[in-house]
Amino acid sequence: MRRLGVIAVLGALLGMVGGLMTASPALARGPNWQVFPAPPFTLPATYCGFDVGAAAVTDKEFVTTLQTSDGSTTFLVTGELTVSWTNLETGKTVTLDGSGPAKITVNPDGSVIELRKGPNFAILTPAEAARFGLPTVSVTAGALTESLAPDGTVTSASLQGQVLVDICAALS
């Protein structure tokens, strides 16, 4: 699931970089900013013990792309993102803020480094969550750094801050 998420995000970013999306609010930020959409998705029960639906309530995030001399591509994400998370078995819902900024660097070999701050959403497989001592689905505050292998596997994760909400526990 994590690999699919990374592929979807990178596909969306590359599509925007290719000029497939233009919006006047992004242009108001400056000519290099594009809308960064957050489409709804469903996490399978392997993450929380029940299927979880996620849908943006407020989706006003923007992204800009920077090329570095070593061939890496860096995406800077900022703006406002509030998401409604729903336990699809019970209907219980929580709405949470994940608006913190992010810096995502895709290296020439396909590996990725994500640096996120502020309130931000983190999704890890159960094995990754156990390995790094974090919940599978959460809102974090502070600096969250993740490194991903080219296949999307999280190779390291560290949080210099705290978990604000364990979303699975909040939906139980």
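Each residue takes its place number in the sequence, starting with 1.
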**OP:** State whether a side-chain donor-acceptor pair under 3.5 Å links Thr73 with Gln67.
**Re:** yes
Original post:
Between Thr95 and Trp85, is any pair of side-chain heavy atoms under 4.5 Å apart?
Top reply: no
Original post:
Going from OG on Ser138 to CG on Leu164, what distance comes out if it is rounded to the nearest 0.5 angstrom?
Top reply: 8.5 Å
**OP:** Provide the closest heavy-atom pair for Leu81 versus Asp97 in the form atom of the first, atom of the second, distance.
**Re:** O-OD1, 3.3 Å
Subject >> Point-to-point distance, once rounded to the nearest 0.5 Å, from NZ of Lys117 to OG of Ser99 >> reply: 16.0 Å
Original post:
For Thr140 and Ala122, which heavy atoms make the closest approach, and how far apart are they?
Top reply: CG2-CB, 4.3 Å
Original post:
Would Ile167 and Val139 count as a side-chain contact (heavy atoms from CB on, under 4.5 Å) if you check the C-alpha gap in whole Å, the side-chain angles of each, and the deciding distance to 0.1 Å?
Top reply: CA-CA 7 Å; Ile167 295 173; Val139 177; 4.1 Å; yes
Original post:
With distance as the sole criterion, is a donor-acceptor pair present between the side chains of Asn107 and Ser72 under 3.5 Å?
Top reply: yes
Subject >> Side-chain donor-acceptor pair present, Ser156, Ser147, cut-off under 3.5 Å >> reply: yes
Original post:
Quick one: are Phe41 and Ile123 in side-chain contact, heavy atoms under 4.5 Å?
Top reply: yes
**OP:** Compare all side-chain heavy atoms of Val154 with those of Leu124 and state whether any distance is below 4.5 angstrom.
**Re:** yes
Original post:
Any side-chain heavy atom of Val63 sitting closer than 4.5 Å to one from Glu61?
Top reply: no
**OP:** Examine Leu66 and Ile113 and state if one hydrophobic cluster contains both, with Ile, Leu, Val, Met, Phe, Trp and Tyr joined whenever side-chain heavy atoms are less than 4.5 Å apart.
**Re:** no
**OP:** Can you measure from CG (Leu148) to OG1 (Thr153) and round to the nearest 0.5 angstrom?
**Re:** 8.0 Å
Subject >> N/O donor-acceptor pair under 3.5 Å between Asn120 side chain and Gly100 backbone >> reply: yes
Original post:
For the residue pair Asp51 and Ala45, what are the closest heavy atoms and their distance?
Top reply: OD1-N, 2.9 Å
Original post:
Would you say Leu88 and Phe50 make side-chain contact, with heavy atoms under 4.5 Å?
Top reply: no
Original post:
What is the distance from atom CG of Asn32 to atom OG1 of Thr64, rounded to the nearest 0.5 Å?
Top reply: 4.5 Å
Original post:
What do the steps show when you test Cys48 against Val137 for side-chain contact (heavy atoms from CB on, under 4.5 Å), and what is the final call?
Top reply: CA-CA 8 Å; Cys48 293; Val137 187; 4.0 Å; yes
Subject >> Distance-only donor-acceptor check, side chains Thr74 and Thr105, under 3.5 Å >> reply: yes
**OP:** Given side-chain contact (heavy atoms from CB on, under 4.5 Å), test Leu171 with Val94 step by step and report yes or no.
**Re:** CA-CA 7 Å; Leu171 293 174; Val94 294; 3.9 Å; yes
Original post:
Given Leu76 and Phe62, is the side-chain contact (heavy atoms from CB on, under 4.5 Å) satisfied, shown in steps?
Top reply: CA-CA 8 Å; Leu76 303 177; Phe62 301 94; over 6 Å; no
**OP:** Report yes or no: do Leu43 and Val57 belong to one cluster of Ile/Leu/Val/Met/Phe/Trp/Tyr joined by side chain heavy-atom distances under 4.5 Å?
**Re:** no
Original post:
Leu144 versus Leu134: any side-chain heavy-atom pair under 4.5 Å?
Top reply: yes
Subject >> Pairwise side-chain contact, Phe36 with Thr78, heavy-atom cut-off 4.5 Å (strictly under) >> reply: no
**OP:** Using modelled atom types only, decide if a donor and an acceptor are shared between the side chain of Thr90 and the backbone of Lys92 within a distance under 3.5 Å.
**Re:** yes
Original post:
Would Phe75 end up clustered with Leu115 when hydrophobic side chains under 4.5 Å apart are linked, directly or stepwise?
Top reply: no
**OP:** Over all heavy atoms of both residues, which pair between Leu96 and Phe121 is shortest? Give the atoms and the distance, please.
**Re:** O-CZ, 3.4 Å
**OP:** State, with a plain yes or no, whether a side-chain heavy atom of Thr136 is found less than 4.5 Å away from one of Cys168.
**Re:** yes
